[in-house]
Amino acid sequence: MPLLRWMLVLLCLLPLGVRGETLTWGVLPLPGVFNVRDGELVDGVLYEAMQLLDAQLAELQIRYEVLPFARLEQRLLAGESLCISGQLQSAERDRLGHFVAFLQSPPIHVLVRRQTYAQLALDEGRVSLAWLLANPYLRGALTRGRVYPPAIREPLQQALDARRLLELAAGTAGDNLLLMVSHRRIDYAFEYPMVYTEVARSFSLGDSLVSVPLLEGDALVPVGFYCPRTAWGARMAARLERAVVALLAQPQGLLQVQRRWLPEEVYARFAADFRRYYRQRAAGR
C-alpha cells in the first residue's frame with residue numbers, strides 16, 4: 001500500500017484529541033481583562049490566566065477570536081464549535097450553553113468623578129446601590145447586552161424599566177461609559193477595578209474617577225466559559241472542567257497574575273478568598 005494511504009489510515013485511527021482538535025476561544029475586548037492592540041490580544045488578567053489554562057489542554061489546537069458580544073452570542077446560539085470566555089453565569093445564557101466556572105472576579109464598583117464622590121452617602125467607604133438609583137440628581141448608565149452580577153442584576157433592571165438609568169451601546173473596547181463619566185456626560189457607571197485601572201492608563205480622561213465599592217453585592221463573582229448546547233459543547237465543557245480543576249490544584253501562577261493586574265488594595269482584600277475558592281474548585285466543589 002502506498003505510504004500516503006498508510007498515513008491516512010493511521011490518521012483515521014488516532015483519537016480525536018491526538019489529531020489536534022481545535023478549541024476556539026471567543027473573547028470580548030475589555031481593558032485590563034483582554035487587551036487588544038492592532039487587532040491582536042496582547043495581555044490582560046483573564047488572557048494571561050487563560051494561557052495557564054491552555055497549557056492544561058496540550059492535546060488541543062488553541063486559537064482566539066476577538067469579537068463584539070452580539071456576534072459571540074449569535075455564534076453560541078448557532079451551535080458553532082467555540083467557547084466564550086470571560087462570562088458571568090445567568091439563567092438566560094444557561095439556555096444557550098454549558099457554563100464552566102474558572103476564576104472569581106472582585107465585585108463590580110461604581111465609578112464617579114471626584115466632585116461626585118463628595119456628594120455620595122458613604123457607609124465605611126461604600127455606597128448603597130438603592131440610594132444611588134433613587135438619587136434624582138445623578139445620571140447613571142449601563143452597557144446594553146451586558147450581564148451584570150446576580151446580586152445587583154434585578155435592581156439595575158428595575159431602574160432601567162423606570163428610566164432611572166440609561167442603557168447605551170458598548171464601545172469597541174467596553175470603555176465608553178467610563179469615558180462618558182470622565183467627560184461629564186453621565187455621572188456614574190458600573191465597572192470592575194482592573195478595567196478602570198487599564199482605562200486610566202491607556203485613555204485620555206477628562207476628569208479622574210474614583211472607584212467606589214457597593215454595599216450590595218460586595219462579594220467575589222464567578223467568571224468562566226460558555227460552550228454551546230451541542231454534543232461538542234458538552235464534551236468540551238467537561239474537558240475544560242477537568243483542566244480548571246487540575247490548574248487550580250496549583251494556583252500560585254494564577255495568584256501571581258491576579259496580583260499583577262488588580263489594584264493593590266483590591267488584591268489584598270480578596271487574596272484569602274481567592275485561595276479558598278481555588279481549594280474548593282480543586283476539590284471538585
Side-chain angles (χ1 to χ4, degrees), residues 28 30-33 69-70 73 86-94 104-171 173-200 203 205-223 262-263 265-266 269-270 273:
L28 179 73
L30 191 65
V33 180
F69 180 73
E73 197 166 55
Q87 301 299 300
L88 299 184
Q89 189 172 18
S90 71
E92 295 79 11
R93 289 183 181 175
D94 284 346
Q104 286 200 315
S105 167
I108 202 165
H109 287 193
V110 61
L111 274 296
V112 298
R113 295 182 298 277
R114 292 195 176 276
Q115 301 94 316
T116 307
Y117 179 75
Q119 303 173 32
L120 300 181
L122 298 177
D123 182 349
E124 296 183 352
R126 298 177 295 174
V127 65
S128 165
L129 177 63
W131 179 90
L132 192 66
L133 296 176
N135 191 313
Y137 302 105
L138 298 177
R139 298 170 302 148
L142 303 180
T143 300
R144 183 175 298 128
R146 186 168 180 180
V147 173
Y148 288 88
I152 65 172
R153 201 171 292 161
E154 185 174 347
L156 291 182
Q157 185 58 53
Q158 291 173 348
L160 276 178
D161 294 341
R163 299 185 179 180
R164 296 196 303 272
L165 279 176
L166 301 173
E167 188 176 35
L168 305 174
D175 50 67
N176 63 328
L177 293 192
L178 297 185
L179 296 177
M180 288 177 69
V181 175
S182 76
H183 290 284
R184 307 187 184 189
R185 294 179 59 189
I186 56 176
D187 296 308
Y188 63 88
F190 301 94
E191 196 49 271
Y192 295 95
M194 58 279 195
V195 175
Y196 171 61
T197 298
E198 184 66 17
V199 169
F203 293 85
L205 299 180
D207 292 330
S208 62
L209 304 183
V210 181
S211 183
V212 186
L214 294 167
L215 279 169
E216 302 87 344
D218 191 25
L220 294 173
V221 181
V223 175
L262 294 177
E265 67 279 6
V266 173
R269 179 183 174 193
F270 291 108
D273 295 315

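For clarity, every value in this text was computed on a predicted model and none was experimentally measured. No hydrogens, no waters, no symmetry mates; every other heavy atom, side chains included, goes into these values.
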Under the criterion side-chain contact (heavy atoms from CB on, under 4.5 Å), I'd like the reasoning laid out for Glu198 against Leu30: C-alpha separation, chi angles, the key distance, then a yes or no. CA-CA 9 Å; Glu198 184 66 17; Leu30 191 65; over 6 Å; no
Can you give me the closest heavy-atom contact between [X] and [Y], atom names plus distance?
X	Y	value
Gln119	Trp131	O-CH2, 3.6 Å
Thr143	Glu167	C-CG, 4.5 Å
Val221	Pro107	CG2-CA, 4.4 Å
Ser128	Glu216	OG-OE2, 3.1 Å
Ala189	Leu177	CB-CB, 3.9 Å
Ser105	Met194	OG-CE, 3.5 Å

Straight-line distance of [X] [atom1] to [Y] [atom2], nearest 0.5 Å:
X	Y	atom1	atom2	value
Arg113	His183	CZ	NE2	11.0 Å
Phe270	Leu220	CZ	CG	5.0 Å
Leu111	Thr116	CG	OG1	11.0 Å
Gln157	Ile152	CD	CD1	12.0 Å

Checking side chain to side chain donor-acceptor pair (under 3.5 Å) between Ser211 and each of Glu191, Glu265, His109, which is the one that passes? His109
Any side-chain heavy-atom pair from [X] and [Y] closer than 4.5 angstrom?
X	Y	result
Leu138	Leu120	yes
Leu168	Met180	yes
Tyr192	Pro149	yes
Leu165	Tyr188	yes
Leu215	Val127	no
Leu122	Val212	yes
Leu129	Phe190	yes
Leu179	Leu205	yes

Applying salt bridge (Lys or Arg N to Asp or Glu O under 4.0 Å) as the test, list every pair that has at least one member in residues 123-139; sequence neighbours left out. Arg126-Asp218, Arg139-Asp187
Assess whether side-chain contact (heavy atoms from CB on, under 4.5 Å) is satisfied between Phe69 and Arg144, documenting all intermediate values. CA-CA 10 Å; Phe69 180 73; Arg144 183 175 298 128; over 6 Å; no
Please report the C-alpha distance between Tyr148 and Leu88 in whole Å, then the side-chain angles of each, then the deciding distance to 0.1 Å, and finally whether the side-chain contact (heavy atoms from CB on, under 4.5 Å) criterion is met. CA-CA 8 Å; Tyr148 288 88; Leu88 299 184; 5.7 Å; no
Salt bridge check: are Arg184 and Asp207 linked by an N-O gap of less than 4.0 Å? yes
